[in-house]
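Whatever order the structure lists them in is the order used to number ligands and atoms, beginning at 1. Residue numbers run from 1 in the order of the sequence given. Hydrogens, waters and symmetry mates are skipped; everything else that's a heavy atom, side chains included, is used.
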Amino acid sequence: MVIATPDAIRAEFSAAMSAMYRAEVPQYGTLIELVDQVNAAALAADPRLADAMRRSGEIDRLAAERHGAIRLGTAAELALIRRAFAVMGMHPVGYYDLAPAGVPVHSTAFRPIDEAALNRNPFRVFTSLLRLELIEDARLRREATEILSARQIMTPGVMALIERAEAEGGLAVESTGDFVAELLETFRWHSTATVSAQTYAELLDAHRLIADVISFRGPHINHLTPRTLDIDAVQAAMPAHGISPKEQIEGPPRRACPVLLRQTSFKALNEAVSFPSAQSDSVAGRHMARFGEVEQRGVALTRKGRALYDEVLAAQQQGEDRFSELPDDWAELRQRGLAYFRFRGAPTAPDRLEAAIAARDVVAEPVIYEDFLPVSAAGIFQSNLGDARRQAYVGPASRDQFEAALGCRLLDPFDLYDAITAPSIG
Ligand code: OOG
Ligand code: NI
């Protein structure tokens, strides 16, 4: 039996998800076309960028690059999803607590973790788990728990393949087609709700997100996100392509040296759904959840750089513009230890690195940020839930509880960037 590489399965799955979502949400297809045009223009206008991306291997992944997002209802669902994603080399990295921003979930990102895997296909899924304990109404909480405990988000076929892959140290090459097709079912959109119109209305009243998670058969993919090299150009061009963007781009302002992540999205579709009813065949209604997003990725910041970013971001939220404190210069970001770089060239002792770079014996390449930002994620959630309320949930983050549900520890993104950059220092 020949075992498939997790990278190959992930690439196949990512392409299948993209095709499914394009068929389900035509505006997403339009967005992909726009992003392809903008990226081609950005590469043509900046040969140095094109060169650097060719050297780092990033150029190969750019056109296929996507992330998606799902929202889960229970600990058991999260544990199952972890096992399914593990087959494709996607592991849970980072903890995002969105409760302070008024979204009753906590999240992680399942993603490939080493450089070769990221370059082969960087597909990631931002995965949120509903925090039912944050629903105030005890009766509604109980009802939600009951509804969720009755649903099964994976087909028996994919369950069997996951178990076999776990027992045999990977998935057989001849099973990858079935695995991808069956797993796709978990993320498919269903326009028929599983709850009555009355229950839906109550859930909606508690929080739009709660209604989205609980009222349907499974965790439909709620957006997919291509990567662009010029998010401002995409944002500006969206209306001319018949797409209505959210008001503002999330993340750091535009810079000569992009850092972390900037994101924008188009507003969620208002879709026809039907609710089962004891009295009649079904009741017609509408639901808003699915949208499209774009992202522009920049250099990953070190612990020190990230602390500075978080500080200036907090100041920004108080109306103080301090983003200029984060230097917009590759050499300064590097020399002050604020961002991650990998070094190509002759092996060089760390204390000689700057001299070697100056002499062009060594080239320093920015390491791309592969993760997410909690404040931006909350902004994306809010704009697509169409919910003006932004009241923070009080209560501590519960990373331990999330890990217990997951059944393993979350990986620390900084450790992964350390591992990517360590071998290259020579
Ligand atoms: C997830 C929103 C967050 C991102 O890219 O930060 C997100 C969701 O709406 O479920 O996708
Ligand atoms: Ni997203």
Side-chain angles (χ1 to χ4, degrees), residues 14 17-18 21 25 27-28 31-32 35 65-73 77-78 81 85 90 92-111 122-131 153 186-187 189 207-216 218-228 231 234-235 245-246 248-252 259-269 271 287-298 300 309 313 368-387 389-390 402 413:
S14 163
M17 285 281 270
S18 198
Y21 202 60
V25 180
Q27 278 201 344
Y28 164 71
L31 185 66
I32 295 286
V35 166
E65 183 153 0
R66 303 282 185 275
H67 86 248
I70 56 170
R71 304 157 182 171
L72 302 170
E77 290 178 357
L78 182 64
I81 284 289
F85 285 159
M90 296 160 74
V93 180
Y95 177 74
Y96 304 90
D97 177 22
L98 299 181
V103 187
V105 302
H106 45 182
S107 317
T108 190
F110 287 91
R111 69 165 178 84
F123 187 60
R124 325 164 180 81
V125 178
F126 190 90
T127 303
S128 300
L129 176 63
L130 182 61
R131 293 180 66 185
I153 63 166
T186 299
F187 304 114
W189 169 246
H207 199 294
R208 264 187 183 280
L209 179 114
I210 296 172
D212 182 54
V213 174
I214 291 173
S215 310
F216 297 92
H220 40 258
I221 183 89
N222 66 52
H223 66 279
L224 280 179
T225 307
R227 176 172 160 204
T228 181
I231 198 166
V234 176
Q235 173 91 347
K246 79 190 274 298
Q248 72 201 31
I249 296 174
E250 300 286 342
V259 298
L260 298 173
L261 177 64
R262 300 179 73 210
Q263 296 164 285
T264 185
S265 58
F266 65 72
K267 306 256 176 64
L269 310 177
E271 302 180 82
H287 181 68
M288 271 171 78
R290 302 192 306 154
F291 58 99
E293 189 191 23
V294 250
E295 64 184 15
Q296 179 168 6
R297 292 188 172 268
Y309 174 77
L313 183 69
I368 290 296
Y369 186 59
E370 306 287 356
D371 294 286
F372 294 86
L373 298 170
V375 174
S376 302
I380 297 285
F381 261 110
Q382 294 289 0
S383 72
N384 286 292
L385 291 168
D387 199 343
R389 234 173 355 174
R390 254 185 188 254
F402 191 90

Subject >> Sidechain N-carboxylate O distance under 4.0 Å for R290, E271 >> reply: yes
Subject >> Taking every non-hydrogen atom, the tightest pair across Y21 and H223 >> reply: OH-CA, 3.6 Å
**OP:** May I ask you to list the atoms of ligand 1 that are less than 4.0 angstrom from any heavy atom of F372?
**Re:** 4 (C), 5 (O), 6 (O)
Original post:
From E293, does some N, O or S atom reach closer than 2.8 Å to the Ni ion (ligand 2)?
Top reply: yes
Original post:
Got the closest protein heavy atom to atom 3 (C) of ligand 1, with its distance?
Top reply: A377 CB, 3.6 Å
**OP:** Establish, yes or no, whether the cationic atom of R297 lies under 6.0 Å from the six-membered ring centre of F372 and within 45° of the ring axis.
**Re:** yes
Original post:
Can you list the ligand 1 atoms lying under 4.0 Å from a non-hydrogen atom of Q263?
Top reply: 4 (C), 5 (O), 6 (O)
Original post:
At a 4.0 Å threshold, what atoms of ligand 1 neighbour a non-hydrogen atom of H223?
Top reply: 1 (C), 7 (C), 11 (O)
**OP:** In plain terms, say whether R111 and D371 are close enough for a salt bridge, that is, a side-chain N and a carboxylate O under 4.0 Å apart.
**Re:** yes
Original post:
Any donor-acceptor pair under 3.5 Å linking the side chain of T186 with the backbone of I153?
Top reply: yes
Subject >> Close approach, H67 and ligand 1, non-hydrogen under 4.0 angstrom >> reply: yes
Subject >> Per-residue contact class, A69 against ligand 1 - non-hydrogen pairs under 4.0 Å >> reply: side chain
**OP:** Output yes when E370 and R124 qualify as a salt bridge under the 4.0 Å nitrogen-oxygen rule, no when they do not.
**Re:** yes
**OP:** Of all N, O or S atoms in H223, identify the one at the shortest distance from the Ni ion (ligand 2).
**Re:** NE2
Subject >> S128-ligand 1 polar pair, N/O distance under 3.5 Å >> reply: no
**OP:** Could you see which bit of N222 sits under 4.0 Å from ligand 1, with heavy atoms only: side chain, backbone, both or neither?
**Re:** side chain
**OP:** May I have the step-by-step check of ring pair (Phe, Tyr, Trp, His ring centres under 6.0 Å) for F126 and Y96, ending in yes or no?
**Re:** CA-CA 10 Å; F126 190 90; Y96 304 90; 5.4 Å; yes
Original post:
S376 to ligand 1: N or O pair under 3.5 Å?
Top reply: no
**OP:** Without swapping roles, check the side chain of T108 against the backbone of G94 for a donor-acceptor pair under 3.5 Å.
**Re:** yes
**OP:** Report the nearest protein non-hydrogen atom to atom 9 (O) of ligand 1: residue, atom name, distance rounded to 0.1 Å.
**Re:** R71 NH2, 2.8 Å
**OP:** Any atoms of ligand 1 less than 4.0 Å from a non-hydrogen atom of F126? List them with their elements.
**Re:** 1 (C), 3 (C)
Original post:
Does the pair E293/R66 count as a salt bridge with the N-to-O cut at 4.0 Å?
Top reply: no
